[in-house]
Amino acid sequence: MAEDRMRARAAGIPFDGEPGPWNALTDVPGIEVGYVTLVEGSDVRTGVTAILPRGRAGVGDPCAAGWHALNGNGEMTGTVWLEETGSLAVPVLLTNTYAVGPVHRGAVEWLGRNCRGMAPEWLLPVVTETWDAHLNDIHGTAVRPRHATEAIEAAASGPLAEGAVGGGTGMRCYGFKGGSGTASRVVAYGADRYTVGAFVQANFGAKRELTVAGVPVGRELPDPDALAASETGASRGTRPVPPGAGSIVVVLGTDAPLLPGECKALARRVPLGLARTGTTGSHFSGDLFLAFSTANSGALNSTFPHDEADAPYESLRFVPWGRMDRFYEAVVECVEEAVLNVLTGAAPMTGRDGNHVPALPLARTRELLGARAV
């Protein structure tokens, strides 16, 4: 019988730290996330995810931001400008590898219609990807520019669906069904409380590596290919890539006031959270991470000067570098949990050429965790 899917905490997996109310990136005030999920016929299993750091109303108001690549076998557009200015003023969109072009075009079209005053001469959207060709006809044209605009228009706060939704629809993780996942942590800083949230599009890891709550469960779990054969009644699938290939994209957001360099430092901690789930980082995996702070609204502008006599200044309020450790800890914790939320929440899926990807066996995983605890 098929197992009910649930979030990792509901499955009994223990975690450190205090999550926000929804345990999601959207716990950070102002952040909105939208999905377009495309499941059509037997070979379309893909989609688009839109993350709006300040919501639709705040597009064009820059956030301090930074990015980091653990392994560069992937794409994230707009990162040269991010590196140059340390600011992010546009939505971040996630999709499949070959849909970066139409999604980029859709983002430009949405910004042109809705943000006419925002650098009308040029725009550099941020679009990133992971590879879903095992379940999806990635060479097809299912993803169109309008799907990017629809994802942006669908963006909202509140709890988020996880698993096979949005850009994560056709993904695999540690050999099992992967996709979209999220988690958050509350960080006390003096009398203030801030939130750090993570969103992952998880399509990485080899089954043998999978580690849950410090237990190397992947060594004992059934082989995903054997499970696929038992669930479909036949071994019809292909295996076009080696174990561990695929990619993972992580987007971090926080309302803590940070410098662009501090956002980059958060992004550099993402691999520590991923490592808790077991990955050693495949050469064939694009591992790209972006972090932004929604504090300091109105700063870090980069618009054309229209009055040469005007010479404005801007100010940033920020957490001192020597007080960043609690925020690093929050990143590691919520990245780990977001990946496991993908695995426990995603349902099995059949797609292109009859390829079938089973879900992580929750009952067996709990048995393995329980055996270690004895």
Side-chain angles (χ1 to χ4, degrees), residues 2 5 33-51 74-75 77 91-107 109-110 125 127-155 160-173 175-181 199-204 224-225 227-229 231-241 245-249 285-286 342-343 345-359:
R5 310 313 293 173
V33 177
Y35 296 128
V36 167
T37 300
L38 302 175
V39 176
E40 301 167 359
S42 62
D43 61 357
V44 174
R45 304 288 186 271
T46 192
V48 181
T49 300
I51 298 174
E75 180 63 88
T77 68
V92 178
L93 294 113
L94 297 77
T95 188
N96 80 61
T97 306
Y98 293 171
V100 169
V103 170
H104 193 280
R105 182 66 215 170
E109 291 176 357
W110 187 91
V127 183
T128 188
E129 53 75 30
T130 60
W131 189 83
D132 59 11
H134 187 71
L135 288 171
N136 176 55
D137 176 15
I138 199 169
H139 293 278
T141 58
V143 178
R144 305 293 180 89
R146 65 180 175 85
H147 295 126
T149 65
E150 289 171 6
I152 294 171
E153 287 295 333
L160 297 177
E162 294 172 296
V165 291
T169 299
M171 306 302 168
R172 295 184 292 172
C173 186
F176 300 102
K177 188 64 190 74
S180 305
F199 184 94
V200 306
Q201 186 165 292
N203 189 51
F204 74 109
D225 288 343
L227 276 178
E231 290 180 4
T232 60
S235 182
R236 298 181 295 167
T238 60
R239 195 170 186 176
V241 296
S247 296
I248 179 163
V249 170
S285 180
V342 171
L343 285 165
M349 177 176 280
T350 302
R352 180 185 67 84
D353 294 336
N355 290 343
H356 180 80
V357 180

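Distance check, rounded to the nearest 0.5 Å: CD of Q201 to CG of N96 gives 8.5 Å. Remark: L343 CG to R5 CZ distance equals 8.5 Å, nearest 0.5 Å. Residue H134 holds its NE2 atom at 9.5 Å from CG of D353, rounded to the nearest 0.5 Å. Put simply, OG1 on T97 and CG on N203 are 8.0 Å apart, with the number rounded to the nearest 0.5 Å. With values rounded to the nearest 0.5 angstrom, I138 atom CD1 is found 6.5 Å from W131 atom CH2. Taking CG from L135 and CZ from R352, the interatomic distance works out to 8.5 Å, rounded to the nearest 0.5 Å.
One N or O on the side chain of K177 and one on the backbone of M171 form a donor-acceptor pair closer than 3.5 Å. Side-chain atoms of E129 do not come within 3.5 Å of backbone N or O of A99 as any donor-acceptor pair. Without hydrogens or angle criteria, S247 side chain to S285 main chain gives no donor-acceptor distance under 3.5 Å. Checked by atom type and distance alone, the side chain of R45 never pairs as donor or acceptor with a backbone atom of D137 at under 3.5 Å. Judged by distance alone, with hydrogens and angles left aside, the side-chain atoms of S180 form no donor-acceptor pair with the main-chain N or O of F199 at under 3.5 Å. One N or O on the side chain of T95 and one on the backbone of G47 form a donor-acceptor pair closer than 3.5 Å. No donor-acceptor pair closer than 3.5 Å links the side chain of T46 to the backbone N or O of L38.
Closest heavy-atom contact between V165 and T37: CA-OG1, 3.5 Å. A142 approaches H147 most closely through the heavy-atom pair O-CE1, 3.0 Å. Between A346 and A359, the shortest heavy-atom contact is O-CB, 3.4 Å. Of all the heavy atoms in Y35 and G166, the pair that sits closest is CD2-CA, 3.6 Å. Heavy atoms only, all atoms of each residue included: P348 and P358 are closest at CB-CA, 4.0 Å.
Considering only heavy atoms from C-beta on, T130 stays 4.5 Å or farther from F204 through its side chain. Within the 4.5 Å cutoff, side-chain heavy atoms of N136 are placed close to those of V44.
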Margin query: Between L93 and I152, does the side-chain contact (heavy atoms from CB on, under 4.5 Å) criterion hold? Intermediate values first, please.
Written below: CA-CA 9 Å; L93 294 113; I152 294 171; 4.1 Å; yes
Note to self: As a quick check of understanding, evaluate side-chain contact (heavy atoms from CB on, under 4.5 Å) for D132 and T169, giving each step before the final call.
What the structure shows: CA-CA 8 Å; D132 59 11; T169 299; over 6 Å; no
